[in-house]
Engineer: 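Here it is, the structure in full.
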Amino acid sequence: MSIYDTLNDKQKEAVVHTEGPLLILAGAGSGKTKTLTHRIAYLIDKMDVNPWNILAITFTNKAAEEMKNRVMDLVGFGADQIWVTTFHSTCMRILRRHIDRLGYDTNFTIYDSDDQKTVMKNVCKKLNIDTKNFKEKTILNAISKAKDNLISVSDYEMSTLGDFSKVVYAKAYREYQDQLKKSNALDFDDIIVKTVELFRQFPEVLDYYQERFKYISVDEYQDTNKAQFELVRLLADKYRNLCVVGDDDQSIYKFRGANIRNILDFEEYYPEAKVIKLEQNYRSTQTILNAANSVIANNVSRKEKALWTEIGDGKKIRFSQLENAYDEANFIVDDISTAVRRGDYTYSDFAVLYRTNAQARNIEERLVLRGIPYNVIGGTNFYARAEIKDMIAYLKTIENGQDEVALRRIINVPKRSIGAASLDKLMDFAEISDDTLYGAMLNVDQIMGLGKAAQKIEGFVNLIRVLRSTYDAVGSIAGILKKLLEMTDYESYLYDQDEESAEDRMANIDELINKATAYEEENDEPTLTGFLEEVALVSDLDNADLEEARVPLMTIHSSKGLEFKCVYIAGMEDGLFPGYGAVMSDDREELEEERRLAYVGITRAREQLILTCAKMRMMRGETQINPISRFVKEIPRNLIDGYIPKSKYEREDSEYSYDYGRNTSDAGISSYDVRRSSYDSGLSSYDVRKSAAEPRLTARLKSASAPASVKPYYSDQIKQLNSISGIQKGMPAAKLDSLEYSTGDKVTHKKFGTGTVLSIVSETRDYKVTVDFDAYGKKIMYASFAKLEKL
DNA sequence: CACAGGTCTCTTTTT
DNA sequence: GAGACCTGTG
């Protein structure tokens with residue numbers, strides 16, 4: 001019996017198709033990693049391909065790691081010759097060797113999004129761009145989008161066509177790239193873009209890698225953007241042995257430039273491509289798959305497919321709507337605790353998933369209270385913490401004095417009296433002498449008017465020199481970090497800054513030192529450059545240990561590619577998931593992306609899926625009342641165990657709820673429920689249907705009725721809720737019992753004409769309604785005076 | 001000039 | 001509710 005006998009027919013077909021382009025459409029849990037790893041084994045084993053000639057690109061470091069291990073198990077000897085890496089590490093390895101051809105130094109540094117923002121601030125200042133009108137983030141987004149699509153600065157400049165915003169973006173783009181270049185730095189997008197540029201400009205370099213990588217496979221192909229596609233296309237262009245694996249239904253990174261067209265158009269670019277669909281699922285019960293299938297069926301732009309399994313129906317999906325986020329957290333934690341006590345599951349069998357990182361906190365608090373071990377995966381990046389960024393900035397300066405962002409970050413940290421005025425003088429000098437900031441610092445004696453600061457600058461330069469020579473002598477990264485702490489007395493600085501957090505921050509720095517030590521132990525040739533690179537490209541998620549006996553908490557995005565016996569998805573509410581923006585957007589694609597995310601979440605579960613939501617939830621400082629997510633209602637009701645309040649306009653005889661799921665939404669219903677304005681708000685089912693395509697959303701209650709000092713804690717929350725309902729019971733006569741319109745409705749006003757309701761905030765005496773009038777723009781008014789009428 | 005405090009804004013997901 | 005940013009004060 002060979003290793004290939006465990007494959008099903010479709011998988012086998014994919015494994016033996018080694019020559020020429022291949023598109024594998026692999027549904028969730030259909031054994032795509034297994035197929036890919038066996039295919040690699042087959043190449044080496046049966047086709048006599050040199051492992052050296054194989055490149056396997058994955059999306060995350062974690063996925064790469066897993067694939068590497070699995071290939072190793074199958075192939076054994078020689079497997080370490082295969083490049084199994086992410087897009088970014090692949091490109092980094094190439095760029096470290098050849099980027100000098102593009103005029104960068106090979107020890108270039110990587111800028112994360114914080115660094116990018118810092119650069120963009122400088123750019124705006126220099127170009128006199130008013131950051132009130134043009135937010136740094138907006139400009140950076142525009143630039144990132146351009147890079148994702150391989151639009152160069154000059155391309156962008158030519159495409160502005162007098163569009164004022166685009167002209168500004170183009171100017172910023174040029175200056176931004178100049179500054180990065182000066183700092184010998186690349187941002188994340190550049191890592192891909194520069195590699196493509198390198199290949200296009202230097203055919204001999206491309207040819208080398210084409211010869212090297214005769215067999216290429218790309219995992220999570222649905223998440224690639226145009227630049228990544230071009231990179232792969234170039235590499236594969238000579239031998240055309242390109243195998244891509246993806247699932248258009250799991251494309252959830254459009255916001256980051258992922259182009260779903262890449263998967264839909266693959267056959268167009270490679271007409272000779274073979275297409276194989278893997279639809280048999282080995283992970284979940286049929287119940288869970290049916291739910292996933294019915295939800296995703298509501299999307300229009302997708303390749304038709306349906307998952308099936310031989311596992312059997314299993315347990316029903318559970319659904320529960322709780323009063324508020326605290327009750328929701330309680331419910332989940334109780335549930336986990338009960339199941340573990342019964343001996344059904346252990347902690348690591350669970351996962352609690354959510355749409356936004358902010359939701360983690362509530363659940364975390366309850367877990368702490370119950371003493372249940374847990375792990376919040378992702379969220380705030382370890383390397384984004386201020387003290388860690390300081391340390392990294394020092395390391396970058398030691399390694400590459402050209403990195404201006406890093407240098408400016410630490411030039412006066414800890415305080416050494418090199419203030420803004422001195423910095424300006426240094427910057428001016430650097431500008432005139434066409435030198436870097438650090439270069440200017442080396443020449444303080446030539447700069448006029450620095451006064452006492454000159455000595456301080458010399459002192460700083462000396463510090464860096466000493467650290468540099470320490471590193472050269474000792475070669476230990478952990479060593480320089482310790483020396484750095486000692487020489488700068490960074491600890492005192494932290495205590496001066498904020499006594500309370502200083503201890504935690506020092507602990508973080510210790511953790512960094514541990515990471516440095518670990519890096520030096522794990523690598524044959526550890527270098528400062530290598531460590532900084534790892535720091536820039538490795539995420540929390542990659543280090544997460546899911547085997548540990550802890551309940552993992554993470555966003556649905558982070559959960560992609562993982563599986564758990566028992567999955568909770570919290571916050572199933574319209575306005576949260578799908579998010580507010582997607583619900584309000586005219587762009588159907590946005591909602592479809594959210595739906596794909598729901599599909600990803602649902603298909604993480606092997607045995608049991610539990611969906612929860614809250615009637616009320618604090619969001620951005622306001623208590624929002626959100627209706628049950630449309631995605632819950634898109635699941636056939638017979639699959640669900642749990643009461644879902646029926647919408648009035650649902651067919652009474654219908655067992656399924658997804659009849660209306662396609663084009664309509666009954667969002668808003670639960671808010672009526674809570675506000676007791678009841679289902680008899682005078683809307684005929686026809687009325688609702690007519691307006692339902694426009695999402696009716698969230699009435700809001702201002703949290704102001706709670707005492708100012710109230711911390712969001714369970715009992716206080718109850719009080720707060722009581723006070724809200726108290727207000728509602730004893731409402732002054734002026735306040736209407738309910739409003740006939742809700743968010744998203746078209747209304748008319750005597751003076752301002754027609755408009756759309758943007759939000760409704762319930763205040764003590766009245767509803768504050770924000771309306772976007774067609775002719776007058778946004779107006780805020782009180783419901784009892786405005787006499788708005790629903791159209 | 002530094003800092004405390006008030007105001008304003010806010011989608012969300014991350015290699 | 002949190003973070004960024006601005007402004008007034010000592």
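Bear in mind the structure is a predicted one, so any value in this text is a computation, not a measurement. In the text below, chain A, chain B and the rest are named by the order of the sequence lines, each starting its count at 1.
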Engineer: Rounded to the Å, how far apart are A:Lys125 NZ and C:dC5 C1'?
Structural biologist: 15 Å

Engineer: Find the distance A:Gln116:CD to B:dT14:P and express it as a whole number of Å.
Structural biologist: 16 Å

Engineer: With sequence neighbours left out, write down each residue that passes ring-ring contact (aromatic ring centres under 6.0 Å, His included) with A:Tyr111, or none if nothing qualifies.
Structural biologist: none

Engineer: What residues, two or more places apart in sequence or in another chain, satisfy salt bridge (charged side-chain N to carboxylate O under 4.0 Å, His left out) together with A:Glu220?
Structural biologist: A:Lys32, A:Lys560

Engineer: Any cation-pi pair here, A:Lys515 with A:Phe382, using under 6.0 Å and within 45°?
Structural biologist: yes

Engineer: Are A:Phe87 and B:dT15 stacked, counting the six-membered base ring, centres under 5.5 Å, planes under 30°?
Structural biologist: no

Engineer: How far, in whole Å, is C:dA4 from B:dT13 if one measures between their P atoms?
Structural biologist: 15 Å

Engineer: Hey, is A:Arg409 close enough to A:Asp114 for a salt bridge, meaning N to O under 4.0 Å?
Structural biologist: no

Engineer: Looking at C:dC5, I'd like to know if its phosphate oxygens (OP1 or OP2) sit under 4.0 Å from a side-chain N or O belonging to A:Lys121.
Structural biologist: yes

Engineer: Going by an N to O cut-off under 4.0 Å, is there a salt bridge joining A:Asp248 and A:Arg302?
Structural biologist: no

Engineer: What is the distance from CG of A:Asn141 to C1' of B:dT14, rounded to the nearest Å?
Structural biologist: 13 Å

Engineer: Under a 3.5 Å threshold, yes or no: a donor from one side chain and an acceptor from the other, between A:Asn299 and A:Tyr599?
Structural biologist: no

Engineer: Taking N or O atoms only and anything under 3.5 Å, show me the protein contacts with nucleotides 3-13 of chain B, one pair per line.
Structural biologist:
{"from": "B:dT12", "atom 1": "O2", "to": "A:Arg355", "atom 2": "NH1", "distance (Å)": "3.1"}
{"from": "B:dT12", "atom 1": "O2", "to": "A:Arg355", "atom 2": "NH2", "distance (Å)": "3.1"}
{"from": "B:dT13", "atom 1": "OP1", "to": "A:Asn357", "atom 2": "N", "distance (Å)": "3.1"}
{"from": "B:dT13", "atom 1": "OP1", "to": "A:Asn357", "atom 2": "ND2", "distance (Å)": "3.2"}
{"from": "B:dT13", "atom 1": "O4'", "to": "A:Arg355", "atom 2": "NH2", "distance (Å)": "3.4"}
{"from": "B:dT13", "atom 1": "O2", "to": "A:Arg355", "atom 2": "NH2", "distance (Å)": "3.1"}
{"from": "B:dT13", "atom 1": "O2", "to": "A:His557", "atom 2": "NE2", "distance (Å)": "3.2"}

Engineer: If I take atom CZ in residue A:Phe188 and atom P in nucleotide B:dT15, what distance separates them, rounded to the nearest angstrom?
Structural biologist: 8 Å

Engineer: So what does A:Phe59 hit on the nucleic acid, given a heavy-atom distance under 4.0 Å: a base, only sugar-phosphate, or nothing?
Structural biologist: sugar-phosphate

